[in-house]
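As a basis for the values below, the full set of heavy atoms in this structure was taken, side chains included, without hydrogen atoms, waters or symmetry mates. Counting starts at 1 for both ligands and their atoms, following the listed order. These figures come from a predicted structure and were not determined experimentally.
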Amino acid sequence: MARAPVYYADYLKLDRLLTSQQPESLKEGVDAHDEMLFIIVHQAYELWFKQILHELDRVERDFGAVPVSDDAMARIVHDLERIHEILKLTVAQLDVLETMTPFDFLDFRDLLMPASGFQSLQFRAIETRLGLAAETRVPLDDKAIEERLSPADRTALSEARERPTVFVMLDQWLARTPFLDWGGASFRDAYRQAVEKHLARDADFIRADRAMPEEKRERELKAIDKAIASFAAIFAPEGDGGGWRLSGPAVQAALFITLYRDKPAVQPAFRLLATLMDIDETMTLWRYRHALMVERMIGVKIGTGGSSGHAYLRTTAERHRVFADLFRLSTFLIPRAAVPDLPASVQARLGFVYST
Ligand code: HEM
């Protein structure tokens, strides 16, 4: 039987999509021209959130497998890059909303109480599935997120929490990375010595700088001591972890990938780490931009969801980071010339050889 021809409006369910903008102000007979923009911008966000979650579904399937095949890794990087592009768009979208002035917003703001973006289930699912740790969350008036969600959304969020997060899958995958043991002198030992030497040299520079005020010198030396301790922690089988959220073997692998990224077999892994940092950075950018927009719209008033508004949101931008460990790696990078050479046997395994 021939398929019925597909009609544009039916395929996109435009009847439902385009009748889903129902301003509260219209119902109340209040004149608030900008509420339409406010609704459409939020709906556009929710559609993009849906697409991000769709990408995360495939990332979860591919990244959760052991081992992760080369084909799967290519797909994971591709999907994550798409998520990053969407996130960039979500930051840019705030410009459109900011064409609404704070005065225009007042036309309908009170009609929205107590609804808030705080209740966006899809946003919570994205944060959660990327791997935002519950203990890093900024508490909001001591009330958990759940209390502000409907029972159905609460159930959906707790289901999302049961799923493996990108962070955990990354940690496990990194910890399985081969190539770190070189037999005899391993990457771990060689690199550890090289980094500790470099950090000690930085400390010597600071001590030798006569122009540096004493207070600043002490602060800088303390920071280096802290860096040395947290670097040592990734080699300790037990211990407090040195403030890392990734496991020691995972951090070592991430360093290896960062240093030897030019090797063909390491390239996909390097792109993966770079894209996760892009995602983390753009999410943080969104949080800052949203916090600034909120300050511009409502000043220091509390949010419709009952938070301290701008102050709460600014703190989330600082604290709600998922892949901050990857940024921290840079503390432990050393100049190219000081990086240990790969043994020939490892080199051979990291290259692609095409010969007849
Ligand atoms: C006039 C525009 C906006 C204002 C004044 C505003 C205000 C706020 C405030 C004050 C909060 C903190 C919770 C509360 O007390 O309500 C919040 C949270 C939030 N808003 Fe907005 N918002 C605006 C636009 C948007 C848009 C367009 C989105 C896109 C989906 C959005 C998504 C969110 C999310 C996801 C949160 C939770 C953030 C978190 O807890 O980390 N908001 N918003």
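For ligand 1, the atoms lying closer than 4.0 Å to a non-hydrogen atom of Arg287 are 41 (O). Proximity to Phe38 (heavy-atom distance under 4.0 Å) selects the following atoms of ligand 1: 1 (C), 2 (C). Proximity to Met100 (heavy-atom distance under 4.0 Å) selects the following atoms of ligand 1: 1 (C). Every atom of ligand 1 with a heavy atom of Tyr312 under 4.0 Å away is listed here by number and element: 39 (C), 40 (O), 41 (O). Every atom of ligand 1 with a heavy atom of Leu97 under 4.0 Å away is listed here by number and element: 2 (C), 24 (C), 27 (C). Proximity to Gly309 (heavy-atom distance under 4.0 Å) selects the following atoms of ligand 1: 10 (C). Every atom of ligand 1 with a heavy atom of Phe123 under 4.0 Å away is listed here by number and element: 35 (C).
The aromatic rings of Trp286 and Phe123 sit tilted relative to each other, their planes meeting at an angle between 30° and 60°.
A salt bridge links Glu24 with Lys27: the closest approach of a Lys/Arg side-chain nitrogen to an acidic carboxylate oxygen falls below 4.0 angstrom. Ionic pairing of Asp189 and Arg192 is not present here: no N-O contact between side-chain nitrogen and carboxylate oxygen is shorter than 4.0 angstrom.
Among protein heavy atoms, atom 37 (C) of ligand 1 sits closest to Arg124 NH2, 3.5 Å. Regarding atom 26 (C) of ligand 1, its nearest protein heavy-atom neighbour is His42 NE2, 3.2 Å. Annotation: atom 32 (C) of ligand 1 to nearest protein heavy atom, Trp286 CH2, 3.6 Å. Of all protein heavy atoms, the one closest to atom 5 (C) of ligand 1 is Phe105 CE2, 3.6 Å. Of the protein's heavy atoms, Ser307 OG, 3.4 Å lies nearest to atom 13 (C) of ligand 1.
The closest approach between a heavy atom of Arg109 and any atom of ligand 1 is not below 4.0 Å. Not a single heavy atom of Trp48 sits less than 4.0 Å from an atom of ligand 1.
You'll find the ring centres of Trp244 and Phe332 inside the 6.0 Å limit.
Qualifying side chain to side chain contact (heavy atoms under 4.5 Å, CB included) partners for Ala9, counting only residues two or more places apart in sequence or in other chains: Tyr7, Leu14.
Residue pairs meeting the side-chain hydrogen bond (donor to acceptor under 3.5 Å, both in side chains) criterion with at least one partner in residues 58-68, sequence neighbours excluded, are Arg58-Asp79, Glu60-Arg129, Glu60-Arg163, Asp62-Arg75.
Of the listed options Met293, Arg319, Gln122, Met293 places a heavy atom closest to atom 23 (C) of ligand 1.
The set of protein atoms (N, O or S) found at less than 2.8 Å from atom 21 (Fe) of ligand 1 reads His290 NE2, by chain and number.
Seen from the ring of Phe38, Arg109 does not count as a face-on cation partner, given the 6.0 Å and 45° thresholds.
Side-chain contact, Arg245 with Thr136: no donor N or O sits under 3.5 Å from an acceptor N or O. Side-chain contact annotation: Arg188 with Gln252, donor-acceptor N/O pair under 3.5 Å present. In this structure, a donor-acceptor pair under 3.5 Å is present between the side chains of Glu46 and Ser120. Side chain to side chain, Asp278 and Thr275 fail the donor-acceptor criterion of an N or O pair below 3.5 Å.
Side chain of Glu35 to main chain of Asp31: no donor-acceptor pair is present (N/O by atom type, distance under 3.5 Å, no hydrogens or angles).
Summarising the hydrophobic clusters (Ile, Leu, Val, Met, Phe, Trp, Tyr; side-chain heavy atoms under 4.5 Å, direct or chained), the residues clustered with Met36 are Ile40.
Not one N or O of Ser120 is nearer than 3.5 Å to an N or O of ligand 1, by distance alone.
We find the OG1-OH distance between Thr316 and Tyr288 to be 9.0 Å, quoted to the nearest 0.5 Å.
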